[in-house]
Amino acid sequence: MPKTNNIPADDSRIRHVGSFRFLFDTEEWWWSDEVAEMHGYQPGEVTPTTELLAGHKHPDDRHAFDKMVATMLSRRTPFSSRHRIIDTSGAVHHVAVVSQQIIDEHGVPIGAEGFYLDLTGYDEQTVKFQVDEHVARFRENQGVIEQAKGMISMAYGVSPERAFEVMRWRSQTANVKVNELAKNIVSGVHRYVVLPDLVRQSFDHLLLNAHQNEN
């Protein structure tokens, strides 16, 4: 019978957040040192695989994990869940997992990436606060990326996929994360970009008549 790892709920537990990545075609996993430690391993001790991760699921949560992976592979979708993992010492960790799609330069979903949040030792209210906080931050990053994509798409008359390709290129050449680049674009637009009256009037017309089909 697996034992429960009763760790006191305190502010230091915030460090128990780690990231992961999964590629659909090759079924390759990558996890951060924090996620490795949640499973009881030293950083770099093992290479995560679907089989390894499945073996660490609590028996009552194993079927749901297998089904989730099958759905993720067939539909190429990300996943979110709350379940239990059993580390190498037999201690049980309650974790929340949140993910999003990884999109290639052509706009095709090629994997999922996100984070594990170890909830062990938290009371229910603290758990809800921590999960909500991290999910909100995660979605905020996604939201600002979508805004920046829309701005680039409108400015250059390109598709959202091509706009994201531009962002990825600039991210690589400037050695800046995509979400940081997106935040700077969105905030910078309000400081530096002023639409000519004619352009704004055209958009006014579009906005006020968007309910109509003008084909």
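As the structure is a prediction and not an experimental result, all values here were calculated from the model.
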(message) Please report whether the ring centroid of Phe20 lies less than 6.0 Å from that of Phe115.
(response) no
(message) So which atom in Leu53 and which in Phe65 form the shortest heavy-atom distance, rounded to 0.1 Å?
(response) CB-CZ, 4.0 Å
(message) Working note: His83 + Val97, criterion side chain to side chain contact (heavy atoms under 4.5 Å, CB included); need CA distance, chi angles, decisive distance, verdict.
(response) CA-CA 8 Å; His83 59 267; Val97 183; 3.6 Å; yes
(request) Hey, could you give me the NZ/NZ distance between Lys183 and Lys177, rounded to the nearest 0.5 Å? (result) 10.0 Å
(message) Distance check, rounded to the nearest 0.5 Å: Leu23 atom CG versus Ile102 atom CD1?
(response) 5.5 Å
(request) Give the minimum heavy-atom separation between Thr77 and Met72, together with the two atoms involved. (result) O-CG, 2.9 Å
(request) Please report the shortest heavy-atom distance between Ala36 and Gln42, naming the atom on each side. (result) CB-O, 4.5 Å
(request) List in chain and number order the residues that pass salt bridge (charged side-chain N to carboxylate O under 4.0 Å, His left out) with Asp61, two or more places apart in sequence or in another chain; answer none if no residue qualifies. (result) Arg84
(request) Sequence neighbours left out, what passes ring-ring contact (aromatic ring centres under 6.0 Å, His included) with Phe24? Give chain and number order. (result) none
(request) For Glu27, check side chain to side chain donor-acceptor pair (under 3.5 Å) against everything at least two apart and list the hits. (result) none
(request) Looking only at non-hydrogen atoms, find the nearest pair between Val144 and Asn179 and report the distance. (result) CG1-O, 4.2 Å
(request) Quick one: list whatever passes salt bridge (charged side-chain N to carboxylate O under 4.0 Å, His left out) with Asp33, sequence neighbours left out. (result) none
(message) I'd like to know whether Met38 forms a side chain to side chain contact (heavy atoms under 4.5 Å, CB included) with Ile85, so could you lay out the CA-CA distance, the side-chain angles of the two residues, the decisive distance to 0.1 Å, and finally the verdict.
(response) CA-CA 8 Å; Met38 288 179 202; Ile85 59 178; 4.1 Å; yes
(message) Nearest 0.5 Å, please: how far is CG in Leu181 from CZ in Arg168?
(response) 12.0 Å
(request) For Ala64, enumerate each residue passing the side-chain contact (heavy atoms from CB on, under 4.5 Å) test, keeping only those at least two apart in sequence or located in another chain. (result) none
(message) Quick check on the hydrophobic clustering: are Met68 and Leu73 connected, directly or via other members, by side-chain heavy-atom contacts under 4.5 Å?
(response) yes
(message) Run the side-chain contact (heavy atoms from CB on, under 4.5 Å) test against Leu52 and tell me which residues pass, sequence neighbours left out.
(response) Trp31, Tyr41, Val46, Thr49, His56
(request) Not counting sequence neighbours, which residues clear ring-ring contact (aromatic ring centres under 6.0 Å, His included) with Phe22? List them please. (result) Trp29
(request) Find the distance between CD (Gln147) and CD1 (Ile152) and round it off to the nearest 0.5 Å. (result) 12.0 Å
(message) Could you work out, with side-chain contact (heavy atoms from CB on, under 4.5 Å) as the rule, every residue matching Trp30, not counting sequence neighbours?
(response) Ser19, Arg21, Ser32
(message) Tell me every residue that passes salt bridge (charged side-chain N to carboxylate O under 4.0 Å, His left out) with Lys149, counting only those two or more places apart in sequence or in another chain.
(response) Glu146
(message) Let me check something: do Ile110 and Val178 share a hydrophobic cluster, defined by ILVMFWY side-chain heavy atoms less than 4.5 Å apart, either directly or through other members?
(response) no
(request) Please list all pairs passing the salt bridge (Lys or Arg N to Asp or Glu O under 4.0 Å) test where one or both residues lie in residues 63-74, with sequence neighbours left out. (result) Arg62-Asp66
(request) Take Glu113 and Gln100 through the side chain to side chain contact (heavy atoms under 4.5 Å, CB included) test and state the conclusion after the steps. (result) CA-CA 6 Å; Glu113 62 181 355; Gln100 65 184 3; 3.3 Å; yes
(message) My understanding is that only residues two or more places apart in sequence, or in another chain, count here; which of them pass salt bridge (charged side-chain N to carboxylate O under 4.0 Å, His left out) with Arg76?
(response) Asp25
(request) Please identify each residue that fulfils side-chain contact (heavy atoms from CB on, under 4.5 Å) with Ser74, with sequence neighbours left out. (result) none
(request) Could you give me the CA-CA distance, side-chain angles and deciding distance for His93 and Asp118, then say whether side-chain hydrogen bond (donor to acceptor under 3.5 Å, both in side chains) is met? (result) CA-CA 7 Å; His93 298 256; Asp118 192 340; 2.9 Å; yes
(message) Does Arg170 form a side-chain hydrogen bond (donor to acceptor under 3.5 Å, both in side chains) with Thr173? I'd like the steps, not just the answer.
(response) CA-CA 5 Å; Arg170 191 59 187 135; Thr173 58; 2.9 Å; yes
(message) Can you tell me how far apart OH (Tyr116) and CD (Glu34) are? Round to the nearest 0.5 Å.
(response) 13.5 Å
(message) Main chain of Pro78, side chain of Ser99: is a donor-acceptor contact present, judged purely on distance under 3.5 Å?
(response) no
(request) Answer yes or no: is there a donor N or O on one side and an acceptor on the other, between the side chain of Ser171 and the main chain of Met167, under 3.5 Å? (result) no
(request) Specify the closest pair of heavy atoms between Gln101 and Pro109, including all atoms of both residues, with the distance to one decimal. (result) NE2-CB, 3.5 Å
(request) Decide yes or no for Val186 and Met151: does some side-chain heavy atom of the first lie under 4.5 Å from some side-chain heavy atom of the second? (result) yes
